[in-house]
Amino acid sequence: MKVSEFFADHFAKLLLKIIFAAATAFLLLVTGTQPGIIVILGIIWSLMFIGGQVVNFFWHRSRFRELEEIMEGLDKKYLFAECVRTGKTIYERELFDLFRRAGRSMISAVSDAEASKKEYREYVESFVHEVKTPITAANLICRGVDEKNRRKLSYELAQIEAHVERVLFYARAENTQKDFLIREESLGELVAQTLGEYKTFLIASGVRVETKELEQIVFTDRKWTVFLLGQLLQNSARYRRDEPVVVIEAESMAQEADGSLVQLTVRDNGIGIPVHELPRVFDRGFTGSNGRAKGGSTGMGLYLCRRLADSLGIGLEIVSECGVGTSVLLTFAAKKELGGGG
């Protein structure tokens with residue numbers, strides 16, 4: 001608290017006291033009190049007035065610093081009113097009592113919301129695991145259907161499974177770190193696993209995948225990296241042109257300060273993304289002109305990819321040109337950097 005702030009806050013009270021003192025001096029003067037006595041009384045009053053305001057200022061400043069230290073020492077700032085000792089004045093006691101009541105109400109509301117949110121998340125996770133059973137059964141049934149219909153059904157089932165996986169990830173989005181197992185992984189194995197899991201979808205979409213230079217070791221979580229790559233492959237398949245091809249290749253990137261990095265590129269020859277839409281492709285719910293033209297887009301795929309990449313410490317960038325294709329660049333920490341960390 002500054003002196004200027006203190007006087008600005010108490011300006012009305014100070015002005016009222018000065019006016020009252022002036023009126024008292026005038027009354028004494030008109031009632032015959034000698035001017036010298038009035039001057040002496042004025043000096044005494046002024047000294048007492050100034051001294052009182054100085055004491056008042058330092059008391060308020062000391063009290064404010066005391067409260068500020070309590071606030072700074074708390075991890076959970078919303079418990080401030082509960083941790084403050086009983087107020088030193090009636091006004092403080094009443095004020096902090098209101099703060100405590102408001103804080104308890106807020107904590108109760110937040111606790112109820114968190115419990116409801118947790119219950120909903122657990123339900124969603126349970127639903128996802130339950131719905132995977134009929135999807136698997138439907139895939140087995142498809143084997144007895146003729147070739148043409150089997151491909152169509154397999155494609156639609158793969159779409160359903162992909163949406164279900166996105167729902168599961170979104171339900172866990174705030175706590176994905178608890179599910180991470182960061183370790184050295186082979187990019188070749190990660191890509192092979194992704195292709196295996198999304199094989200049906202890619203075949204049904206007529207997408208041919210080429211891999212190059214994947215003999216690289218990176219530092220990441222296998223499960224969620226496969227999920228991320230799967231989202232990118234689904235986008236490439238969804239926004240494909242005739243004779244769709246996806247090329248997946250890796251390249252080492254030497255960095256003097258941060259150790260070595262590996263950049264994995266997922267490049268397709270699809271319809272591409274308009275330049276003016278590129279800054280928004282990671283926004284939640286953004287479908288863009290391609291999504292609206294194709295229909296059925298949720299605008300969640302790349303949004304989830306961005307959140308996951310940020311959580312895993314993976315650099316994520318998109319380069320695209322309409323009518324040419326799209327390249328997604330994933331930058332991983334490499335094995336060499338692990339050794340440097342000791």
When you measure from the side chain of [X] to the backbone of [Y], do you find a donor-acceptor pair of N or O atoms at a distance under 3.5 Å?
X      : Y      : value
Asn269 : Pro244 : no
Ser320 : Gly325 : yes
Ser311 : Arg307 : yes
Asn290 : Gly272 : yes
Arg240 : Ala237 : yes
Arg241 : Gly323 : yes
Ser111 : Ile107 : yes
Ser46  : Gly42  : yes
Arg284 : Met300 : no
Asp221 : Leu181 : yes

Test log, rule side chain to side chain contact (heavy atoms under 4.5 Å, CB included), inputs Ser327 and Val266: CA-CA 6 Å; Ser327 295; Val266 181; over 6 Å; no

Side chains of [X] and [Y]: closer than 4.5 Å at any heavy-atom pair?
X      : Y      : result
Trp45  : Leu41  : no
Ile273 : Val281 : yes
Val262 : Thr331 : no
Leu202 : Val209 : yes
Val164 : Val167 : no
Tyr198 : Gln231 : yes
Leu232 : Leu330 : yes

Report yes or no: do [X] and [Y] belong to one cluster of Ile/Leu/Val/Met/Phe/Trp/Tyr joined by side chain heavy-atom distances under 4.5 Å?
X      : Y      : result
Val247 : Phe332 : no
Leu233 : Ile271 : no
Leu195 : Val218 : yes
Leu308 : Ile182 : yes

Flag for Ser252-Gln216: side-chain donor and acceptor within less than 3.5 Å: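 Yes, because at least one side-chain N or O of Gln216 sits under 3.5 Å from a partner of the opposite role on Ser252.
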
Thr220-Thr225 side chain donor-acceptor pair, cut-off 3.5 Å: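 Checked: Thr220/Thr225 side chains pair up, N/O donor to acceptor below 3.5 Å.
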
Closest approach of [X] and [Y], non-hydrogen atoms and distance?
X      : Y      : answer
Val246 : Ser236 : CG2-CB, 3.6 Å
Ala250 : Leu187 : CB-CD1, 3.7 Å
Phe282 : Leu302 : CD2-O, 3.4 Å
Phe286 : Arg280 : CD2-O, 3.2 Å
Phe49  : Lys17  : CE1-CD, 3.8 Å
Asp268 : Gly270 : OD1-N, 3.0 Å

Can you tell me how far apart [atom1] ([X]) and [atom2] ([Y]) are? Round to the nearest 0.5 Å.
X      : Y      : atom1 : atom2 : result
Asp112 : Glu114 : CG    : CD    : 10.5 Å
Leu329 : Leu264 : CG    : CG    : 9.0 Å
Ser108 : Arg104 : OG    : CZ    : 12.0 Å
Ile44  : Met48  : CD1   : CE    : 8.5 Å
Glu72  : Arg65  : CD    : CZ    : 13.5 Å
Ile38  : Leu29  : CD1   : CG    : 4.5 Å

Intermediate values then yes/no, side chain to side chain contact (heavy atoms under 4.5 Å, CB included), Leu98 and Glu94: CA-CA 6 Å; Leu98 290 175; Glu94 294 293 333; 5.8 Å; no

Stepwise side-chain hydrogen bond (donor to acceptor under 3.5 Å, both in side chains) test for Glu251 and Thr265: CA-CA 8 Å; Glu251 176 186 7; Thr265 303; over 6 Å; no

Pairing of [X] and [Y] as salt bridge, 4.0 angstrom limit:
X      : Y      : result
Arg183 : Glu185 : yes
Lys199 : Glu197 : no
Arg222 : Glu189 : yes

Do other residues, nucleotides or ligands put more than 12 heavy atoms under 6.0 Å from the [atom1] atom of [X]?
X      : atom1 : answer
Glu213 : CD    : no
Phe26  : CZ    : no
Glu210 : CD    : yes

Phe227 and Trp224 aromatic ring geometry - parallel, tilted or perpendicular at 30°/60° bounds: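 Taking Phe227 first and then Trp224, their aromatic rings stand perpendicular (interplane angle over 60°).
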
Full working for salt bridge (Lys or Arg N to Asp or Glu O under 4.0 Å) between Arg208 and Glu243: CA-CA 8 Å; Arg208 178 167 58 88; Glu243 300 183 1; over 6 Å; no

CA sep, side-chain torsions, deciding dist, call: Arg306, Leu316, side chain to side chain contact (heavy atoms under 4.5 Å, CB included): CA-CA 7 Å; Arg306 166 59 72 192; Leu316 178 60; 3.8 Å; yes

Criterion side chain to side chain contact (heavy atoms under 4.5 Å, CB included) on Asn235 and Val328, from CA distance to verdict: CA-CA 11 Å; Asn235 273 1; Val328 181; over 6 Å; no

